[in-house]
Amino acid sequence: MEKYICTICEYVYDPEQGDPENGIEPGTAFEDLPDDWVCPLCGVGKDEFEKAS
């Protein structure tokens, strides 16, 4: 599973870790995140993320 990075604050979403503080279980692929999920650091939507290189 690919990691994705926020283009605003550089938060990295790691699917192996998920986002448990916001109800996202470890093992959740970025593509499977709810449409209303936002960056836990700066609050932007999924459309502001890109695949991490």
Check the surroundings of atom CG in D35: do more than 12 heavy atoms from other residues, nucleotides or ligands lie under 6.0 Å from it?
no

Got a second to check how far L41's CG is from E10's CD, nearest 0.5 Å?
11.0 Å

Looking at CD1 of I5 and CZ of F30, how far apart are the two atoms once the value is rounded to the nearest 0.5 Å?
11.5 Å

Distance flag, aromatic centroids of Y13 and F49, threshold under 6.0 Å
no

Counting only N and O atoms by type, is there a donor-acceptor contact under 3.5 Å from the side chain of K46 to the main-chain atoms of L33?
yes

Y4: which of E31, E50, E48 passes side chain to side chain donor-acceptor pair (under 3.5 Å):
E31

Against P15, only a single residue in E25, E2, K3 fulfils side-chain contact (heavy atoms from CB on, under 4.5 Å); can you say which?
K3

For the residue pair Y11 and P40, establish whether any side-chain heavy-atom pair is separated by less than 4.5 Å.
yes

